[in-house]
Every structure is written in C-alpha cells, then in structure tokens.
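The structure appears right after this line, and notes come after that.
Ligands are counted one by one from 1 in listed order, and the atoms in each one are counted from 1 as well. Predicted model, so just to flag it, every value in this text is computed and none were measured.
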Amino acid sequence: MTMSGPAAQAKSLREAFVGRFGESPSHTTRAPGRVNLLGEHIDYNDLPVLPMAIQREAKLVFRPRNDSIVRIHNLSAEFEDVEFEIRPGVAKSEAGHWANYCKAPADELARRFAIWRGFDAVIESTVPVASGLSSSSALVNAVGLTLAYLNEIETEPLPLAEVMAEAERYTGTRGGGMDQAISMAGRANCAAKISFAPLRITHLAIPNDWSFIIADTGVRAEKSGNRQATYNRRRQECEDALRAVGAAVVAAEMTHQPVDSYPALLAGIGVHAALALGEDVLDGHLARRFRHVMTEANRVREAADLLLSADLEGFGALMDASHGSLHSDYHVSSPELDELVGIAREGGAVGARLTGAGFGGCTVSLADRGAVDGVLEAMTSQYFEPRGLAADLDNHLFVAIPSAGAEINEL
Ligand code: GLA
C-alpha cells in the first residue's frame, strides 16, 4: 500500500526527526494558512474581516526538552536549521530569515509568562511562502501553540491568537490580527467573520456548491522587504485619515462619543456620513485610503448576509468591488494580479480579487462548483502556460478547502 497526502507527510516528518535527533517525536502540531475572502487591509483598523483557513498548513513533529533550547529542522533544504534559547529579548536573525517567525512566539510568550521548556522539532510547510496565504502566521502559530502547550500556559485559540498577533510584530510588520486568529480558530467547511477589540469569531458555513479558487501570480510578495515599508505606510495613512476625520466629527458635534477608532467612527456617524466627511476633509491619497477602508468595511457587513443566504452572484460582485478598491484607492494590486482577476472573470468566476496584503501573491476567485474547470482552464492557458509556470494542483493553482484551525496531538 502506498501512502499519500497528510499520512505520507507525517511519516516523512517522523523519519526525518529520528534521523536528525536520534529518537522518536512525541507530538505533532499543525496550523493552517488562510485565504481572505473579503475585508482586506482593514483588520489593523479593528474592522471585521471574512477569511477562511485552508488545507495548506505548517506541520511539525516535536519532542519536549528539559531545558530552554529550541531546535527546528526544516524539511525543505532551502531553510537552514534554527536554534535559540527561550527568553525575553531573543536575538533576531537577519530581516526576512525564517528563523524570526520561530523566534517571534518564543520572545513574546517569554515576555508575558515564565516559560522555559523548549523542544526539538522537524517542520514542513505546504503554504507557499510570501504569496498572501499567511505562511508566516501558520509558522508563528505552530511554534507558538507548541510552546504554550509544553509550558502549560494559555492554549485557548482566540486568546493565544491575540498573543501571536503581537508576537509577529517582532518581524517588523505592523500587521493586524486576522491571520493568527483564523489560523488558530478556523472551522472546517466554514468561513469566519472576525471582529477585533475584543477579538470575536463567528463561523459561517460555506454553501456546498461554492468553490474558492486560489491562483498564485508567481510574484513573491515578501512582507519583510520593500513591501513591509509600504504595508506599514498604509497603516500609518489610515491612522492619519482617522485623526483628521475624527477631529472634523468632533468639531461639527456630530457625536458626543470620542472618535478614537474606526469602529467608534462607524458607530458614531455611520458609513455614509463618514464617507462624505472623508471627501470633504481629506486630500489626495489619504482620501482614497479612507474610502477603501469605509467601503471595504461595508462590503464585509453585506457579505456575511449574502453568505448566509447563499447569494453567489451577490458575494462575487462584492469581491470584484473589493479588488477595484484595492487597485484604485488602496494601490496594493499589481499588473499580474489584475490580469489573473480578469481571466478568472472571463473564465466563468462570479467574482475575483487579490487576497492578503497584495503587491504580488495570490488571487481568490469564486465560482459555482460546475464552473470551476472552466476557470482553471482559462487561467492555465492564458496565464500560467505562456509564462512556463506549472499549474498542477500542487503549484500555483488550487481549489481551497475550508479547514479547521491549529491543533496539537500526541503521536
Ligand atoms: C497581511 C497581514 C494581515 C492583513 C492583511 C491585509 O496578511 O498580516 O493582518 O492586514 O495583510 O488584509
């Protein structure tokens, strides 16, 4: 009998562990990547988002140690071994090095709790790197959950996800909390509406005949390089826009509550008044950034209802509008993302958009199950083949399976 898929992966991880450390691993941890369906670049403004966890995941097998050392061997030869000691203030590796995503949870957890127990592990991730599918948070969550479990501290998904969101800022990106939350707390067959401050999650079943197709442009969107600066700048622009609009709200006595967050702004004056005020008081790019945040928040609100009523066309139209806004107002698309979105629509998708931070990486397209082959064929023949890029189901192009969040199991 030959094994394939997860069973084969577990076996090769175990064999690699024995080869590397000379004994058997005792546990396994997995944490999935995610695809964001709607609500892009608004989690860091504390506005709700709508992602789902996918079948691509970071998986490790490990064995506890009796000291504070963590040693992680990556099954992929591309990534060198990592070794460090758990303590607050773990020294960083060079920017962009994968070790930083292993060190981040150790550093954060050690700052908050008296943790000391390390582990030996072999890890493999099937989440494509720097493609907008949250390979980084899958890694952070897998290592973070392992440490939390071994040191008998918080392992409830949402509280731990909040700590992991803070942890990932160790790598230099001022990210929001979406990726860590969905990777920790996702549910099979469901998308999730996630709201922040406080962090909450509502699971929403995905209708059986809806298919989300993920296509990778092949253009890496490294969050640690140039894109990190652009990402952080977008966040700053949102803060600047809120400050200006908030001051105008107070000056006009439109609400008596403080407008110190985007949720407070929306609760105080509503999305339409906020949009109108933004046009009045903001100039140029700040007006555009603000418009994206407001319209995207509105789309998430509508999308949750459309999902519940299984309105495929309506949901697809919101994805198209989201892409338009990310392209024209938020300026985070790229020619390749725009091209794949166009091909998906012509090939029979009801809606398509970039997913994740943008600047390269992946698109997500929604199609009725019966239309999936047409979309895959259009993308293969018009985008992947002309570029000589493989488009089999392991590379660049696959149908997302809404998956369960992170877990740890004894072997
Ligand atoms: C990255 C960040 C998330 C989110 C998205 C954009 O994935 O990690 O917090 O901001 O970009 O929606």
Side-chain angles (χ1 to χ4, degrees), residues 31-54 56 58 96 100-101 104-105 127-141 144 161-186 191-197 199 201 214 216 220-239 262 289 292-293 295-297 299-300 303 318-319 322-323 325-327 329-334 337 353-364:
R34 61 101 187 93
V35 61
N36 190 17
L37 306 180
L38 270 171
E40 214 64 87
H41 282 280
I42 61 172
D43 62 342
Y44 49 76
N45 295 316
D46 283 339
L47 292 167
V49 295
L50 198 71
M52 69 188 197
I54 58 174
R56 298 297 183 92
N100 287 334
Y101 297 93
V127 191
V129 174
S131 61
L133 301 179
S134 213
S135 58
S136 55
S137 300
L139 197 51
V140 167
N141 276 2
E162 276 189 304
V163 180
M164 291 303 109
E166 199 55 49
E168 205 170 320
R169 293 177 193 135
Y170 174 93
T171 64
T173 304
R174 292 184 64 213
M178 164 172 68
D179 304 346
Q180 300 80 7
I182 189 66
S183 171
M184 279 293 180
K193 183 164 179 179
I194 298 175
S195 46
F196 303 93
L199 185 59
I201 189 161
I214 295 176
D216 189 341
R220 300 276 65 90
E222 301 283 356
K223 254 198 283 171
S224 49
N226 265 344
R227 271 97 178 187
Q228 188 176 66
T230 313
Y231 180 96
N232 289 345
R233 190 159 60 241
R234 288 291 177 280
R235 184 163 181 169
Q236 184 62 49
E237 289 164 351
C238 290
E239 289 167 6
Y262 276 94
R289 307 298 186 254
H292 168 73
V293 173
T295 57
E296 189 76 352
R299 282 186 284 272
V300 171
L318 291 181
M319 292 173 72
S322 172
H323 187 77
S325 179
L326 288 160
H327 170 96
D329 281 347
Y330 220 67
H331 293 164
V332 292
S333 191
S334 71
L337 287 164
R353 57 185 289 276
L354 70 86
T355 188
F359 322 110
C362 288
T363 61
V364 57

>> As a check for students: among D43, I42, L133, L326, identify the option with a heavy atom nearest to atom 4 (C) of ligand 1.
In response: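 It is D43 that holds the nearest heavy atom.
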
> What's the spacing between I201 CD1 and M184 CE if we round to 0.5 Å?
Replying inline: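 It is 12.0 Å, given to the nearest 0.5 Å.
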
At a 4.0 Å threshold, what atoms of ligand 1 neighbour a non-hydrogen atom of [X]?
| X | value |
| --- | --- |
| Y44 | 10 (O) |
| A357 | 11 (O) |
| M178 | 4 (C), 5 (C), 12 (O) |
| D179 | 1 (C), 2 (C), 3 (C), 7 (O), 8 (O) |
| R34 | 7 (O) |
| E40 | 6 (C), 12 (O) |

> Is G176 close to ligand 1, meaning an N/O of one under 3.5 Å from an N/O of the other?
Replying inline: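 Yes, at least one N or O pair falls under 3.5 Å.
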
>> In terms of relative ring orientation, are Y231 and H41 parallel, tilted or perpendicular, with 30° and 60° separating the classes?
In response: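 Plane angle between 30° and 60°, so tilted.
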
>> Over 60° means perpendicular and under 30° means parallel, so tell me whether H292 and Y330 are parallel, tilted or perpendicular.
In response: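 It falls in the tilted class, 30° to 60°.
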
> Less than 4.0 Å between a side-chain N and a carboxylate O, is that true for D329 and R289?
Replying inline: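 No salt bridge links R289 with D329.
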
> Would you call R174 and E239 a salt bridge, taking side-chain N to carboxylate O under 4.0 Å as the test?
Replying inline: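 Answer for the salt bridge query: yes.
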
>> Taking 4.0 Å as the limit for heavy-atom contacts, which would you say applies to R227 with ligand 1: side chain only, backbone only, both, or neither?
In response: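 Contact part for R227 vs ligand 1: neither.
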
> Between E296 and S325, does any side-chain donor sit less than 3.5 Å from a side-chain acceptor?
Replying inline: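 Looking only at side-chain atoms, S325 and E296 do not form any donor-acceptor pair under 3.5 Å.
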
>> Checking side-chain polar atoms at under 3.5 Å, does E168 have a donor or acceptor matched by the opposite partner on S136?
In response: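 E168 vs S136: donor-acceptor pair found between side chains.
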
